[in-house]
Amino acid sequence: AEALGKKEDRVAYAQKGLAYRNIFDKEKMWFRPKDAQGQWLPWPEEGILKEWYGCMECNPLQQGWFVPHDVDGMVRLFGGKKKVEEKLDWMFSHTPKNMLWNEYYNHANEPVHFVPYLYNRLGKEWKTQRATRYICKNAYHNSVAGLVGNDDAGQVSAWYVLSALGIHQYCPGQTRFEVTSPLFEKATIHLPQGKTFTIIAHGNSQENIYIQHATLNGKSMPLHLDYRDIMSGGVLYLKMGNVHK
């Protein structure tokens with residue numbers, strides 16, 4: 001809307017994008033459904049793990065993170081970065097190793113696919129690197145039924161392709177890409193007009209999963225880049241190690 005010069009639409013939709021704050025319960029410190037009169041629905045015995053409690057095909061724990069367009073605002077609601085980190089750690093620690101349908105990090109269902117990259121936004125990039133490598137290893141197999149869930153228009157496969165390369169878009173409609181630990185020592189993306197974008201992970205291995213240093217075309221960079229950086233072509237160089245930074 002802003003790009004089209006429709007300023008009123010931009011303001012209106014920006015405000016609508018913050019409506020998620022209206023269903024945050026400060027007593028429970030989580031998102032929760034209301035009835036038509038604006039009253040909280042009864043709190044279930046399972047709490048935020050209750051399937052279909054205000055959600056479609058998931059639970060409030062999984063759906064509650066889905067504010068990719070306003071991460072800072074969501075973090076403030078939860079009480080700060082440390083609180084969010086602790087809750088993410090708790091969720092991943094309870095996720096079954098086989099990564100099949102579960103109440104915690106449910107990779108079989110798309111609403112959580114950006115969640116491992118949330119650590120990047122909290123300044124705990126090494127936890128994103130650890131999580132994505134773990135998911136790539138345990139949620140995908142070169143076999144019949146090699147995916148943990150329905151591929152739903154290719155999203156489960158697309159997550160793997162991008163994460164295996166070491167990049168992933170955090171929020172649809174925004175051009176920021178998070179950087180994580182690639183599976184390969186070198187991968188080249190062939191772009192229009194003969195350009196290439198190459199990702200090099202020096203010293204990469206099953207043990208060396210943590211990024212020690214990153215450069216983009218020879219210049220030091222944080223662990224995120226813009227879509228334009230990719231499409232312009234160049235080299236993303238990652239020095240890997242077995243100790244997290």
Side-chain angles (χ1 to χ4, degrees), residues 68 92 97-99 105 107 110 112-149 151-172 174-245:
F92 280 111
K97 186 175 181 179
N98 62 20
M99 306 297 292
Y105 178 79
H107 195 74
E110 290 80 359
V112 298
H113 277 191
F114 74 98
V115 172
Y117 291 92
L118 182 52
Y119 282 121
N120 263 21
R121 304 293 294 270
L122 301 177
K124 297 293 182 178
E125 293 88 347
W126 69 272
K127 289 189 175 183
T128 283
Q129 297 156 32
R130 181 182 65 182
T132 58
R133 287 288 283 254
Y134 183 89
I135 295 165
C136 283
K137 179 180 179 180
N138 293 286
Y140 297 87
H141 309 283
N142 184 21
S143 64
V144 176
L147 303 178
V148 292
D151 202 19
D152 281 353
Q155 168 58 23
V156 179
S157 295
W159 187 97
Y160 182 84
V161 171
L162 287 169
S163 297
L165 289 171
I167 57 176
H168 198 281
Q169 188 177 19
Y170 189 85
C171 177
Q174 295 180 2
T175 56
R176 172 171 168 153
F177 276 70
E178 304 298 330
V179 175
T180 191
S181 177
L183 298 189
F184 309 104
E185 290 189 3
K186 182 179 180 180
T188 299
I189 301 172
H190 295 273
L191 303 167
Q193 300 170 336
K195 295 180 180 180
T196 60
F197 186 78
T198 301
I199 301 168
I200 298 173
H202 180 74
N204 198 12
S205 69
Q206 292 186 5
E207 293 76 31
N208 294 344
I209 67 171
Y210 298 114
I211 298 171
Q212 309 295 297
H213 184 66
T215 63
L216 178 63
N217 298 327
K219 297 182 179 179
S220 294
M221 58 167 285
L223 293 184
H224 62 85
L225 44 75
D226 193 87
Y227 177 73
R228 290 169 293 185
D229 297 325
I230 299 172
M231 297 306 293
S232 296
V235 177
L236 172 61
Y237 180 88
L238 307 172
K239 182 180 180 181
M240 308 300 293
N242 60 5
V243 178
H244 64 75
K245 292 288 186 177

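Side chains included, hydrogens not; waters and symmetry mates left out as well; all remaining heavy atoms used. Source: prediction; values computed, not measured.
His244 meets the ring-ring contact (aromatic ring centres under 6.0 Å, His included) test with Trp126, Tyr210; sequence neighbours excluded. Under the ring-ring contact (aromatic ring centres under 6.0 Å, His included) criterion, Tyr105 pairs with Phe92, His107, not counting sequence neighbours.
Nearest heavy atoms, Arg130 versus Ile209: CA-CD1, 4.2 Å. When all heavy atoms of Ser163 and His168 are compared, the closest pair comes out as OG-CD2, 3.9 Å. In this structure, Val156 and Tyr140 approach most closely via the heavy-atom pair O-OH, 2.7 Å. A pairwise comparison of heavy atoms in Ser205 and Arg133 identifies O-NH2, 2.7 Å as the closest pair. Of all heavy-atom pairs spanning Phe184 and Ala164, the tightest one is CD1-O, 3.6 Å. Counting all heavy atoms, side chain and backbone alike, Asn217 lies closest to Gly233 at ND2-O, 4.0 Å.
Thr128 contributes atom OG1, which lies 8.0 Å from atom CG of Leu122 (distance to the nearest 0.5 angstrom). Between the CD1 atom in Ile211 and the OG1 atom in Thr180 there is a gap of 6.0 Å [rounded to 0.5 Å]. Of the inter-residue distances, the one linking Gln129 atom CD with Lys124 atom NZ reads 12.5 Å to the nearest 0.5 angstrom.
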Worked check of side-chain hydrogen bond (donor to acceptor under 3.5 Å, both in side chains) between Gln155 and His113 = CA-CA 9 Å; Gln155 168 58 23; His113 277 191; 2.9 Å; yes
Asn98 and Asn138: CA distance, side-chain angles, deciding distance, side-chain contact (heavy atoms from CB on, under 4.5 Å) verdict = CA-CA 6 Å; Asn98 62 20; Asn138 293 286; over 6 Å; no
message = The test is side-chain contact (heavy atoms from CB on, under 4.5 Å); show your working for Thr132 and Trp159 and say whether it passes.
response = CA-CA 10 Å; Thr132 58; Trp159 187 97; 4.2 Å; yes
request  = Begin with the C-alpha distance, continue with both residues' side-chain angles, and end with the deciding distance and a verdict on side-chain contact (heavy atoms from CB on, under 4.5 Å) for Ile200 and Val235.
outcome  = CA-CA 7 Å; Ile200 298 173; Val235 177; 4.0 Å; yes
query = Hey, mind stepping through Tyr117 and Tyr170 against ring pair (Phe, Tyr, Trp, His ring centres under 6.0 Å) and telling me if it holds?
reply = CA-CA 7 Å; Tyr117 291 92; Tyr170 189 85; 7.7 Å; no
ask   = How far apart are the C-alpha atoms of Thr198 and Lys186, what are their side-chain angles, what is the distance that settles it, and do they pass the side-chain contact (heavy atoms from CB on, under 4.5 Å) test?
value = CA-CA 7 Å; Thr198 301; Lys186 182 179 180 180; 3.8 Å; yes
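Within the 4.5 Å cutoff, the side chain of Leu225 has heavy atoms near those of the Phe197 side chain. Residues His224 and Phe177 are not in side-chain contact: their nearest non-hydrogen atoms beyond the backbone lie 4.5 Å or more apart. Leu236 places a side-chain heavy atom less than 4.5 Å from the side chain of Met221. Inter-residue side-chain proximity for Ile199 and Pro182 is flagged as met; some heavy-atom pair is nearer than 4.5 Å. Contact of the Asp229 side chain with the Leu216 side chain is registered, since non-hydrogen atoms from C-beta on lie closer than 4.5 Å. Side-chain contact check for Met99 versus Ile135: some heavy-atom pair is nearer than 4.5 Å. Between His141 and Val148, the closest side-chain pair of non-hydrogen atoms is not below 4.5 Å. Looking at Ser181 and Met240, their side chains come closer than 4.5 Å, going by heavy atoms from C-beta outward.
A side-chain N or O of Asn120 and one of Glu178 form a donor-acceptor pair less than 3.5 Å apart. Defined by atom type and a distance below 3.5 Å, a donor-acceptor pair is present between the side-chain atoms of Ser220 and His213.
Within 6.0 Å of NE2 in His202 there are 12 or fewer heavy atoms belonging to other residues, nucleotides or ligands.
Proximity of a side-chain donor or acceptor of Gln169 to a complementary backbone N or O of Arg176 within less than 3.5 Å is not detected. With Asn208 contributing its side chain and Gly203 its backbone, the two residues share a donor-acceptor pair below 3.5 Å.
Using a 4.0 Å cut-off between charged side-chain N and carboxylate O, Glu125 and Lys127 make no salt bridge.
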